[in-house]
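Order of appearance sets the numbers: ligands from 1, and atoms from 1 within every ligand. Quantities reported herein were computed from a predicted structural model and do not represent experimental measurements.
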Amino acid sequence: MSDRNVVLIGFMGSGKSSVGEALADSVGYSYVDTDKLIEKKTGRKIKDIIPTDGEEAFRDLETEAIRGLADVKRSIISVGGGAPLREENRKLLSRIGLVIHLSATPEEIYQRVKHETHRPLLAKSPDLRATIKDMLAKRAEAYSFADVVVDTTLLSVEEVVSKCIEILARDTRCDV
Ligand code: S3P
């Protein structure tokens with residue numbers, strides 16, 4: 001297998017972390033999650049950083065974390081759902097590895113996140129379904145730089161991992 005990294009992008013609840021961990025296990029790569037890197041570096045939780053310092057301050061930490069990944073090898077990297085909003089991040093991520101967008105319908109996202117409380121950008125929404133639909137529409141363009149899209153709607157984590165492995169096997173720069 002080559003050393004090419006895989007970068008997972010996608011909306012909150014698209015399964016980046018669970019798929020990333022399972023995919024890393026399957027292919028014997030390391031797993032890196034930029035939200036975790038930020039929490040480790042700051043000693044604070046994302047759910048406290050965004051409400052206290054503001055989204056832009058969090059985005060700066062996120063870009064810094066992504067810049068720090070330039071030399072990683074043999075890694076599956078997942079980034080927060082808003083990371084592709086910045087052009088600099090999109091350029092860096094494309095350079096780091098094969099970018100896979102894990103997509104899902106707004107309703108599927110809603111079903112996956114409706115009982116969760118750790119995502120500050122969704123936590124206070126008076127109409128979660130509408131917020132998700134609106135944010136997904138606004139982010140569609142930012143996610144479109146991905147090399148490949150995997151629609152995860154109705155798929156289990158294992159099924160998404162299998163699809164990612166098929167994609168890696170077809171990738172000419174990757175020989176899984
Ligand atoms: C965010 C997604 C979160 C986290 C932060 C902001 C976003 O990560 O980075 O709460 O803007 O979509 P997940 O996508 O892993 O939930």
Side-chain angles (χ1 to χ4, degrees), residues 5-24 30-69 72 75-90 92-93 96-97 99-146 148-153 155 157 160-161 164:
N5 303 303
V6 175
V7 178
L8 299 177
I9 64 160
F11 200 75
M12 294 171 269
S14 59
K16 301 177 297 285
S17 308
S18 34
V19 168
E21 272 177 55
L23 179 60
S30 307
Y31 174 65
V32 182
D33 177 335
T34 54
D35 281 347
K36 293 272 158 20
L37 292 178
I38 294 167
E39 291 189 339
K40 198 168 169 205
K41 182 162 186 220
T42 60
R44 299 165 67 200
K45 293 281 176 202
I46 308 274
K47 72 174 167 46
D48 300 321
I49 297 174
I50 293 182
T52 310
D53 301 5
E55 189 176 336
E56 272 313 292
F58 167 71
R59 297 287 168 219
D60 289 342
L61 292 168
E62 190 169 53
T63 298
E64 203 182 306
I66 294 170
R67 284 186 194 136
L69 296 174
V72 295
S75 296
I76 310 293
I77 297 144
S78 66
V79 295
L85 292 170
R86 284 195 178 177
E87 191 187 1
E88 177 183 353
N89 296 348
R90 296 196 293 272
L92 290 169
L93 294 172
I96 289 168
V99 179
I100 303 181
H101 172 198
L102 301 184
S103 72
T105 61
E107 181 60 25
E108 173 80 10
I109 298 277
Y110 172 75
Q111 294 301 334
R112 291 183 194 170
V113 305
K114 66 182 175 188
H115 298 304
E116 294 180 349
T117 53
H118 66 283
R119 293 186 170 97
L121 298 183
L122 300 179
K124 291 203 175 86
S125 167
D127 183 348
L128 187 57
R129 261 200 181 90
T131 300
I132 290 169
K133 210 170 159 199
D134 185 53
M135 287 179 78
L136 269 171
K138 285 192 179 130
R139 290 182 174 187
E141 176 71 30
Y143 292 154
S144 68
F145 79 106
V148 199
V149 183
V150 173
D151 184 353
T152 70
T153 309
L155 296 186
V157 169
V160 178
V161 168
C164 291

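Salt bridge status for R67 with E88: present, with a side-chain N to carboxylate O gap under 4.0 Å. Using a cutoff of 4.0 Å between basic side-chain nitrogens and carboxylate oxygens, R90 and E87 are not scored as salt-bridged. A salt bridge does not link K16 with D33: every distance from a Lys NZ or Arg NE/NH1/NH2 to an Asp or Glu carboxylate oxygen is 4.0 Å or more. Between K47 and E39 there is no salt bridge, since no side-chain nitrogen of the basic residue lies less than 4.0 Å from a carboxylate oxygen of the acidic one. Ionic pairing of E107 and K133 is not present here: no N-O contact between side-chain nitrogen and carboxylate oxygen is shorter than 4.0 angstrom.
Nearest protein heavy-atom contact of atom 3 (C) of ligand 1 is D35 OD2, 3.6 Å. Protein heavy atom nearest atom 7 (C) of ligand 1, with residue, atom name and distance: G82 N, 3.3 Å.
When each atom of ligand 1 is checked for a heavy atom of R119 under 4.0 Å away, the hits are 16 (O). Which parts of ligand 1 touch G80 is read off a 4.0 Å heavy-atom cut-off, strictly below it: atoms 8 (O), 9 (O), 14 (O). If you number the atoms of ligand 1 from 1 as listed, the ones under 4.0 Å from a heavy atom of I46 come out as 5 (C), 10 (O). Listed by number with element, the atoms of ligand 1 under 4.0 angstrom from any heavy atom of P120 are 10 (O). For ligand 1, the atoms lying closer than 4.0 Å to a non-hydrogen atom of R139 are 7 (C), 11 (O), 12 (O). Within the listing of ligand 1, atoms 7 (C), 11 (O) sit less than 4.0 angstrom from a heavy atom of R59.
In this structure the side chain of V99 never reaches within 4.5 angstrom of the side chain of L8, judged on heavy atoms. When side chains are defined from C-beta on, N5 does not count as touching V32, because their heavy atoms never get closer than 4.5 Å.
In terms of polar-atom proximity, G13 is not counted as a contact of ligand 1, lacking any N or O under 3.5 Å from an N or O of the ligand. In terms of polar-atom proximity, defined here as any N/O pair under 3.5 Å, G10 makes no such contact with ligand 1.
Counting heavy atoms closer than 4.0 Å to ligand 1, residue L85 contributes nothing at all. With a heavy-atom cut-off of 4.0 Å, K16 touches ligand 1 through its side chain alone.
At distances below 3.5 Å, at least one donor-acceptor pair connects side-chain atoms of S14 with backbone N or O atoms of F11.
By heavy-atom distance, the residue among A123, S17, G81 lying nearest atom 1 (C) of ligand 1 is G81.
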Set out, in order, the CA-CA distance, both residues' side-chain angles and the distance that settles salt bridge (charged side-chain N to carboxylate O under 4.0 Å, His left out) for R86 and E62, then state yes or no. CA-CA 10 Å; R86 284 195 178 177; E62 190 169 53; over 6 Å; no

